[in-house]
Amino acid sequence: MSKHDPKLLLQSAPLLRQGMTTPAAMRDVWIALLPASLAALWYFGLAALLVLLTSIAGAVLTEWLFTPRERRAITLHDNSAALTGLLLGLTLPPALPLWMAFLGGMASIGLGKIIWGGLGSNIFNPALVGRAFLLATFPNAMTTWTAQSGPADFLTLHASNLALPFMQAPTVGAGTDAMTTATPLNLMKFEHQGTDLGALLLGNTSGSLGETSALLLILGGIYLFLRRGLDWRIPLGILGSAALFSAALFLIEGDKYPTPLFSLLSGGMLLGAIFMATDPVTSPVTPKGAWLFAIGVGLLVVLIRVFGGFPEGMMYAILLMNAATPLIDRYTQPRAFGRKRATK
Amino acid sequence: MSSRSPTPPQEPTPSRLVGSLAVAGFLSGLIIIGIYVATLDTITENKARELREAVFRVLPEVTQMQKLQYDGERVVLKENGKDDENTLYAGYDDKGNLAGYALASDGPGFQDTIRVLFGYQPANNKVVGMWVLESRETPGLGDKIYKDAAFVTNFDNLSTEPPIVTVKRGTRSRANEVDAITGATISSKAVVRIINQGVEKWHQRLPLPGNEPQLKSEGRT
Amino acid sequence: MATLSNKMNAYDEMLKGIWRDNPVFVQVLGMCPMLAVTNSAVNAIAMGLATFFVLVSSSFLVSGMKAIIPKQVRISIYVIIIATFVTVADYTLLALFPAVHKELGAFIPLIVANCMILGRQEAFASKHSVKFAVMDAVGMAGGFLLAMFALGSVREILGEGKLFGISLFGENFEPWVIMILPPGGFITLGLLLLLFNWVGERRKQFLAQVAAVD
Amino acid sequence: MGLLFSLRRSFAHGVHPEHHKEQTADLPIQRVPFCSRYVMPLGQHIGAPARPVVEVGQRVQRGQLIGEPGAFVSTALHSPVTGTVRDIGPHRYIDGNFRPAIEIEADPYATQQLPRPTPIDWRSLDIEQFIAQVQHAGIVGMGGAAFPSHVKYAIPEGQQIDDLLVNGAECEPYLTNDHRLMMERPEAVIHGTEIVRQKLGAKRATIGVEKNKPESIAALKAQIGERPIEVVALEVKYPQGAEKMLIKAVYGIEVPAGELPRDVGVAVNNVGTIVAIADYFDSGMPLIERIVTVSGPGVAEPANLIVPLGTPIREVLRFCGGLKESTREVIMGGPMMGTPIADLDAPILKGSSGILAFTAKETGRPPEYPCIRCGRCLEACPYFLNPSRLAKLGRARMFEEMKEQFHVMDCVECGACTFACPSNIPIVQLIRTAKDNLRQRKG
Amino acid sequence: MDDLIWIFISALLVNNFVLAYFLGLCPFLGVSGKLETSFRLGLATTFVLIITAICSWFLNTYVLTHAPYLRLISFIVVIASTVQFIEMAIKKLSPALFQSLGIFLPLITTNCAILGLAIFATNRGYGFWEGLIFALGAGAGFTLAMVLMAGMREETGINEVPALVRGTAFNLIIAGILSMAFMGFAGLFSST
């Protein structure tokens, strides 16, 4: 009479799950990046589209190549490789040769992710690893900024976009020099010249594809926040500490240093604070750790921008704090319930 | 694999230990002194030639030079000995007239310390040439401070009164302005700053016109 | 000793340093010069040759004098011997190739601190006959030189589009600047090691397959 | 902060699963008819198993002692029916394994009527006698953990219980047995609370009920009268019913790790337990039946039932119209912490608060993704542990580190982390494995 | 004063001994598995670097002006014996300190960071204070790199790093990316 019931599963509790899944979380980031990506197309035309697509292609192809066959279905399904490619693409200058964008996508995934054991195991933000690699490898191409073409010349392409693989952008002369412009950060660093805040908000300045429009980035951030897709402490901590630091500098010597508002709206500050630093894999998992991390990023950005050699320091600030994340996590373990204080 | 020692292990006396160390040290010293003596002439010659080339590069129309030293009060002749921060070189033309001084100066660059040698004519507050002795600036960008001829020639005739400034490439208009290298503004500025510091340091020390040190030995190049 | 040399083949001793026990790829020794001066093939070879000279001469001397070196102070004496040869190499390079010496700079004296050299004295030269010690040193230093050259040429080819200063891809080649910078050194060596591991793994698999077929 | 706290009484962290209580919340408690065969496992509570005191073939009365406590941390066992002992030996337990049990065949001709109530004068008992009575009555924690209740009342020298906390939180989804009990028998709840409060010498008693049971709260409040009892409405949050979380929610006190509620002067009892005690002292009838919620999408007619202990689960489900075709898994207890049932012929136990049947929709495990350290599990964990780290260390089998640095032994396995994980990582399962390993190493 | 600050920042961040000069790679790759050990090794190295700076300044000022050819050998001998002497002194004076730091000392003396510091300080003609600050910055930079590396290695130790990658190759690539991140410090305080 006593028989084992073969039809019954024996999965252990809990059987209930909340609705969010990892691929869905990644999709949310895609949606949040949509306005900024569309703005890139609006401002920079077809070139932007091509750069974004090639960097995504480089990332996805590398992911596919180096993932063991049996895990491909899962890793490609989680949307993360393509997201890395898109994030990288948004940090690139519009006139970048496409082969470099492709290589950057490969470096992002190869050096930033696969080597470490795939999604979730990496210490550094893969997109920024790709960008740091490109910036160190092709410093000239990566700091050549072109003026916006605007929607009227949507189809215009930069000759440099189509450079042959491993070759330089074809023309370096008066023709291209006329097209290149300085980003707001360049103007600030080297000429101590501010940029109209309205332009910074809307995004009709030069810069990397996804960083120009502060307004649309904030919009994406709000969407992500509402979807619980980001740890609000990180953007808040970064922007807050950066604003305080630059406000202090501005008060000391106003004609030399930028206003805090300029600091927050210019360059990759918002793109980094909202979309890069908040990458959960590479930021601390504990709330206290998130604050420390964010403050560290904020201070480092201003330090590098103001006292360092680069006009923009967001990428380096995030990478450096990524490196410190294991330590931060270790020393900010939450105080376990009923225990005196946090132990390491 | 290990070969066993044929003799039973025996504790050598301390004096033997010290003795063998001393012998080793002595022999090593002999070898080192030997190679030092053997190569000294070539090395000295190499260094002198290198220095001469550098000095001739930064001072136009110079054919002879001599080493000087600031001793705290004035500039005196220094025949040989180690170079230090108070060493400078005077360059002379065919006729033995002073053409200018070659001054070394260093300071932080984009990556590491940059050391430059620049030709200076105190009489008309002019830098007449610049040569980078040492730098680890970024290849392809910062290294243009010595690889980019257009940048180097900026310093061929540059007024130091008021101090030199860098301007955006192509906008050079005044006598004290230097065209920065596109994409390597920091390195360009570093070179200018290093030269300004050098000028500031040396301007007061150099002898007044008329008191210039004479070329001591004729024919010495 | 006679029986020992029958078992050991001097050429095997030499060859093992080049692949199986390669000091860089397998034993991970001498990393500092390996990374610091491999930004061009010429520098890499110059450094490799200087190391070669120091290692082979030290091994020769140490194995020749092993009977008279007291055990208690052997390390100090090895260091003195090595430092002497390094000084010799330093001055020779300075006299004959001042341009190369300028590039290598402080890293020539640092050959003294290359753990591979002291390691070979302690682990091999002090226990074997002169012939084997020299063969071993030649193998190890050869392996080191080879690794240096591999890294140096990869970095120079990608970093400048040249090999031994000769342009390979024409004027328009876009150099990969990172390759001549420190991160490029780390990453390239890491990837080379990865390749080395992978080849080793494939070889093992292949051999296993062959064995299975037999 | 204080104001905020008084407005929203709860603990920090935790999760909000959909509570699914609507299926049974309005169904009055029904009695299940007797069936023919009952199995009473000797060990159905934490602690030592009971020792049988009957023999095969012996006739037993309903409520008769059939097993005596095997140790102090152990309780008595009573026959749920009038009938004959058929077997004393291994029987299927809910996990599918065989465990020692007493099988009783019900006498089909017996009325199964309870004897006339013989109230016990609890007021005259001293604390030791009270403890012995509770142990004799076979009463255990009815919330699911089945910890012998009398053990909680044995307060060491020098300690004093100031507060009796009655746990009516019922935070597990689907379950409504405590809710119906509080609604239908509030007087028994209050009465039992008074008995235990007075016996423990506590000054006050508090009944904590989650806000999603307003009828219960109202019913209880109506019965309090002048007694020093307070009913507290708590925020709806899982795991509110975990002992230490409830204490935190009600008093704002954290019970130090490794210590018991009594160390902060509180004793916690489930409402079911409290009612069982009240019933025992009113009627002399020990624990032989309990209220079970039968629910879940796989059950045809969900219900709240009074079920004699030892009733085969199959019989209970049959009373509820049987399982639907789509049922894939049956759970004893709640969906968050319950135990999967391997064999439907296994019996209802003292700790069986619910029998829940689930379909493919709930049991289908979506593919597992790598941990992206999103931190949702940290925000879920009521014990402020780091589940993501624990799961990773668990995979790497670094158990010592889990214990020393990340306090894995503090985990109560509430499952909130696994519930919250968007990557579908079986976190609590990995933690259980680690804890088992650590316990075995110690043992 | 500005000079001293720049020497410190440069040795600490911009031209980090490990990440830009490749000095001290043996311990960096070998001993950075555990955070605790890494930190202590970093401290001990800093200590030896400071001794080295003092020794090399002394040698440069009083001995090597007369016999420049003895530079290498005298650095090695003097530094090694000074460290040995201090090691013995610590052992006697403070066994606790010896336990936590002293055990690393013999390891460190053969480290190329030590000799590298002496040679760099000499080549650059640093004076006493400059040398000392240089040593302090280099030591702090070494410790920083060690500690960051150890944190990352402990973290990745429990991740599923591909078997083929695990080991030195992986550590080198981590170091490479860290070195890339440190490039962000280039030009720090040199442009103002």
Side-chain angles (χ1 to χ4, degrees), chain A residues 1-26 71 73-75 77-78 80 117-122 228-231 233 279-287 289-290 325 329-330 332-340 342-344, chain D residues 15 17-18 91-92 96 173 244 248 254-259 328-331 333-345 358 362-363 365-367 369-376 378 382-386 388-389 405-407 410 415 418-424 426 428-429 432:
Chain A
M1 173 160 173
S2 193
K3 270 198 320 264
H4 193 85
D5 288 276
K7 274 159 66 183
L8 290 187
L9 290 172
L10 288 178
Q11 282 177 354
S12 55
L15 289 184
L16 303 185
R17 304 265 172 182
Q18 49 87 26
M20 180 57 76
T21 63
T22 296
M26 300 280 176
R71 273 171 56 194
I74 292 230
T75 46
H77 181 238
D78 64 24
S80 63
L119 179 65
S121 296
N122 47 309
R228 292 190 61 205
L230 54 73
D231 186 345
R233 297 173 189 91
D279 170 15
V281 177
T282 55
S283 58
V285 74
T286 63
T325 295
D329 254 345
R330 198 184 159 108
T332 56
Q333 282 304 315
R335 183 190 63 94
F337 185 89
R339 288 191 182 265
K340 285 281 179 289
T343 41
K344 57 169 180 173
Chain D
V15 290
E18 280 181 57
H91 281 262
R92 286 271 192 202
K244 292 184 179 180
K248 169 85 181 162
E254 275 188 18
V255 181
E259 293 188 16
R328 299 243 58 85
E329 178 161 4
V330 182
I331 290 267
M336 298 295 287
M337 287 187 75
T339 323
I341 295 169
D343 189 341
L344 293 181
D345 289 314
F358 292 102
E362 293 80 23
T363 55
R365 283 268 153 99
Y369 294 96
C371 170
I372 54 165
R373 295 164 33 98
C374 63
R376 282 170 195 243
L378 272 98
Y383 278 84
F384 286 75
L385 301 176
N386 186 340
S388 108
R389 189 81 185 177
Q405 289 181 18
F406 297 95
H407 312 302
D410 290 6
T418 311
F419 171 81
C421 181
S423 284
N424 303 308
V428 73
Q429 288 82 345
R432 273 183 212 134

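Just so it is clear: chains get the letters A, B, ... in the order the sequence lines come, proteins before strands, and each one is counted from 1.
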> Tell me, side chain or backbone of D/Met336 under 4.5 Å from chain A's heavy atoms, or both, or neither?
Replying inline: both
>> Measuring from atom CG of A/Leu8 to atom CD1 of D/Ile341, what distance do you get when rounded to the nearest 0.5 angstrom?
In response: 8.5 Å
> Just wondering, do A/Gln18 and D/Pro422 contact through their side chains at under 4.5 Å, heavy atoms?
Replying inline: yes
> Can you name the residues that form a salt bridge (Lys or Arg N to Asp or Glu O under 4.0 Å) with D/Arg432, not counting sequence neighbours?
Replying inline: D/Glu413
> Run the side-chain contact (heavy atoms from CB on, under 4.5 Å) check on A/Phe337 and D/Glu254 step by step: do they pass?
Replying inline: CA-CA 7 Å; A/Phe337 185 89; D/Glu254 275 188 18; 3.6 Å; yes
> Taking every heavy-atom pair that is under 4.5 Å apart, which of D/Pro17, D/Ser423, D/Pro367, D/Gly334 has the most such pairs with chain A?
Replying inline: D/Ser423
>> Restricting to non-hydrogen atoms, name the atom on A/Pro280 and the atom on D/Cys374 that form the minimum distance, rounded to 0.1 Å.
In response: CB-CA, 3.7 Å
> Can D/Arg376 and A/Met20 be said to form a side-chain contact (heavy atoms from CB on, under 4.5 Å), step by step?
Replying inline: CA-CA 10 Å; D/Arg376 282 170 195 243; A/Met20 180 57 76; 3.8 Å; yes
> By a 4.5 Å heavy-atom criterion (distance strictly below it), what part of D/Asp410 contacts chain A: side chain, backbone, both, or neither?
Replying inline: side chain
> Can you say whether D/Leu385 sits under 4.5 Å from chain A via the side chain, the backbone, both, or neither, judging by heavy atoms?
Replying inline: both
>> Please report the interatomic distance CD1(D/Ile372) to OG1(A/Thr22), rounded to the nearest 0.5 Å.
In response: 4.5 Å
>> So for D/Pro366, is it side chain, backbone, both, or neither that comes closer than 4.5 Å to the heavy atoms of chain A?
In response: neither
> Can you tell which of D/Phe358, D/Tyr383, D/Tyr369 has the highest number of heavy-atom pairs within less than 4.5 Å of chain A?
Replying inline: D/Tyr369
>> So D/Val428 and A/Pro14, do their side chains get closer than 4.5 Å, heavy atoms only?
In response: yes
> Are side-chain heavy atoms of A/Thr325 and D/Arg373 found at a separation under 4.5 Å?
Replying inline: yes
> Looking only at heavy atoms, what is the nearest atom pair of D/Pro173 and A/Leu16, with distance?
Replying inline: CG-CD1, 3.6 Å
> Can you name the nearest heavy-atom pair linking A/Arg335 to D/Phe384, along with the distance?
Replying inline: O-CB, 3.1 Å
> Could you state the interatomic distance from OG1 (D/Thr363) to CG (A/Leu10), rounded to the nearest 0.5 Å?
Replying inline: 11.5 Å
> Heavy-atom distance under 4.5 Å to chain A: side chain of D/Ile331, backbone, both or neither?
Replying inline: side chain
> Do the side chains of A/Arg17 and D/Thr418 get nearer than 4.5 Å, heavy atoms only?
Replying inline: yes
>> Below 4.5 Å, heavy-atom pairs only: which of D/Glu18, D/Lys244, D/Glu329 has the largest tally toward chain A?
In response: D/Glu329
>> Below 4.5 Å, heavy-atom pairs only: which of A/Gly120, A/Gly229, A/Ala290, A/Gly118 has the largest tally toward chain D?
In response: A/Gly120
>> With chain A as the partner, which of D/Glu259, D/Glu362, D/Gln429, D/Arg389 has the greatest number of non-hydrogen pairs under 4.5 Å?
In response: D/Gln429
>> Tell me the closest heavy-atom pair linking A/Pro334 and D/Leu378, and the distance in Å.
In response: CG-CD2, 4.1 Å
> Got a second to check how far A/Arg330's CZ is from D/Gln405's CD, nearest 0.5 Å?
Replying inline: 5.5 Å
>> Heavy-atom pairs under 4.5 Å with chain A - which of D/Gly415, D/Pro335, D/Gly338 has more of them than the others?
In response: D/Pro335
> Quick one: what part of A/Asp231 sits under 4.5 Å from any heavy atom of chain D, side chain, backbone, both or neither?
Replying inline: neither
> Who among A/Pro287, A/Ser121, A/Pro23, A/Ser283 has the most heavy-atom pairs with chain D under 4.5 Å?
Replying inline: A/Pro23
